Amino acid sequence: MPPMSCNISRNLPQNIRDNAMLPEIHTIIYASDLGEGSRPAFRTAVQQAIKHHARIIYLHVVEHSTEIIEEVMDEYLPQQVNKKHAEQIMQTRKKRIEQRIHDFLAVELGEQIHQLPFSPEVRVIEGQPDRVVLKTAELCQADLIVMGDRESSGLSRIFLGSTVQKVVHHSDIPVLIVPLRKKSG
């Protein structure tokens with residue numbers, strides 16, 4: 001008796017495999033927290049972009065400043081100065097993050113960058129991560145979202161949820177989750 005195949009599609013005729021009911025992928029959102037150990041998720045997004053001849057949008061979301069920081073700034077700075085200062089801080093922060101991402105792309109992709117059909121687009125947007133990922137996917141008419149997920153305790157996920165879980169729950173398009181290892185030590 002021949003060994004059983006776990007990949008049922010391999011047993012299907014080529015014409016059926018080619019016409020499978022999978023969506024075409026033209027645009028991929030790669031959402032990253034820039035955390036250590038997120039490279040496997042990025043590599044997966046690159047592989048998908050090459051495979052599907054798709055463009056990648058590298059998205060990083062900068063969360064709003066905390067209420068405590070805003071209260072301190074409101075208390076000690078006039079409102080106009082406060083607003084302008086906050087905008088300058090955010091713009092400087094976004095530029096630093098964008099440069100960090102471009103440097104990462106150059107190092108991580110190396111020669112593989114020539115295999116990508118389009119240069120990766122970098123977006124750094126302020127807001128609540130899950131909402132920004134979903135809104136960016138909608139605005140860019142993305143066909144796939146790729147995200148890494150670090151293991152966290154079941155208890156923290158029950159009470160807080162994770163960005164990945166929120167995106168999966170609310171997304172209208174496929175979300176490819178790449179398990180990431182926690183930093184040991």
Side-chain angles (χ1 to χ4, degrees), residues 18 20-66 86-152 157 160-183:
D18 290 343
M21 296 300 293
L22 297 175
E24 286 191 34
I25 298 173
H26 301 287
T27 301
I28 298 170
I29 299 289
Y30 167 62
S32 173
D33 63 1
L34 301 178
E36 194 169 323
S38 61
R39 289 176 188 238
F42 177 68
R43 289 183 190 123
T44 300
V46 168
Q47 289 169 352
Q48 292 300 310
I50 292 169
K51 178 179 178 180
H52 296 284
H53 198 75
R55 72 181 177 130
I56 294 180
I57 298 172
Y58 190 124
L59 175 64
H60 175 70
V61 181
V62 178
E63 293 192 65
H64 294 291
S65 49
T66 65
E87 288 171 1
Q88 288 174 339
I89 290 171
M90 185 53 68
Q91 286 303 318
T92 301
R93 189 172 177 200
K94 284 181 179 181
K95 285 181 183 176
R96 259 195 341 263
I97 291 169
E98 285 176 10
Q99 186 58 53
R100 182 176 165 194
I101 292 169
H102 284 293
D103 293 345
F104 169 78
L105 291 173
V107 170
E108 184 64 22
L109 291 175
E111 289 301 312
Q112 196 175 22
I113 197 159
H114 302 297
Q115 295 176 9
L116 283 172
F118 307 96
S119 294
E121 180 182 331
V122 174
R123 294 189 183 199
V124 178
I125 301 174
E126 184 179 6
Q128 186 175 331
D130 57 304
R131 290 182 182 170
V132 172
V133 170
L134 293 166
K135 187 66 174 172
T136 302
E138 178 186 333
L139 292 173
C140 297
Q141 298 178 338
D143 306 294
L144 177 67
I145 299 170
V146 177
M147 302 177 76
D149 186 33
R150 288 175 183 78
E151 307 121 288
S152 59
R157 286 188 180 200
L160 302 175
S162 72
T163 299
V164 170
Q165 286 179 314
K166 291 173 186 173
V167 169
V168 167
H169 183 72
H170 295 285
S171 180
D172 294 329
I173 62 172
V175 180
L176 177 56
I177 303 167
V178 179
L180 304 175
R181 294 181 185 212
K182 280 186 175 179
K183 185 178 174 183

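In this text the structure is predicted, and so the values were computed from the model without any measurement.
R43 pairs by the salt bridge (Lys or Arg N to Asp or Glu O under 4.0 Å) definition with E108, not counting sequence neighbours. Scored by the side-chain contact (heavy atoms from CB on, under 4.5 Å) test, R96 finds T92, R93 as partners (sequence neighbours excluded). Annotation: salt bridge (Lys or Arg N to Asp or Glu O under 4.0 Å) contacts of E98 (sequence neighbours excluded): none. The side chain to side chain donor-acceptor pair (under 3.5 Å) test applied to H60 returns no partner, not counting sequence neighbours. Taking the side-chain contact (heavy atoms from CB on, under 4.5 Å) definition, one finds that I113 meets it with L109, sequence neighbours left out. With sequence neighbours excluded, no residue satisfies ring-ring contact (aromatic ring centres under 6.0 Å, His included) with H169. In this structure, the ring-ring contact (aromatic ring centres under 6.0 Å, His included) partners of Y58, at least two apart in sequence or on a different chain, are Y30, F42. In this view, P174 and P23, L144 satisfy the side-chain contact (heavy atoms from CB on, under 4.5 Å) rule, not counting sequence neighbours.
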Please list every donor-acceptor pair under 3.5 Å in which a side-chain atom of residues 136-143 meets a protein atom from a residue at least two apart or in another chain.
from : atom 1 : to   : atom 2 : distance (Å)
T136 : OG1    : V132 : O      : 2.8
D143 : OD2    : H26  : N      : 2.7
D143 : OD2    : T27  : N      : 3.0

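The minimum heavy-atom distance between V146 and A41, with the atom names listed, is CG1-O, 3.6 Å. A pairwise comparison of heavy atoms in S32 and S38 identifies OG-OG, 4.1 Å as the closest pair. What you find for V164 and G148 is that their closest heavy atoms are CG2-O, 3.4 Å. Residues L134 and K166 share a closest heavy-atom pair of CD1-O, 4.5 Å. Closest heavy-atom contact between I56 and V46: CD1-CA, 3.7 Å. In terms of heavy-atom proximity, L116 sits nearest to P120 at CD1-CG, 3.9 Å.
The shortest distance between side-chain heavy atoms of E121 and R55 falls below 4.5 Å. Side-chain atoms of V168 and I145, non-hydrogen and from C-beta on, never get closer than 4.5 Å to each other. Counting heavy atoms from C-beta outward, E63 and P129 have side chains that approach closer than 4.5 Å. The side-chain heavy atoms of V61 and E126, taken from C-beta on, include no pair separated by under 4.5 Å.
Atom OG1 of T163 and atom CG of D149 lie 9.5 Å apart (nearest 0.5 Å). Interatomic distance, CD of Q115 versus CD of Q47, reported as 10.0 Å (0.5 Å rounding). Rounding to the nearest 0.5 Å gives a distance of 8.5 Å between CG of L59 and CE of M147. Here the CD1 atom belonging to I28 is positioned 10.5 Å from the NZ atom belonging to K51, to the nearest 0.5 angstrom.
Within the structure, salt bridge (charged side-chain N to carboxylate O under 4.0 Å, His left out) pairs that include any residue of residues 167-180 do not occur (at least two apart or interchain).
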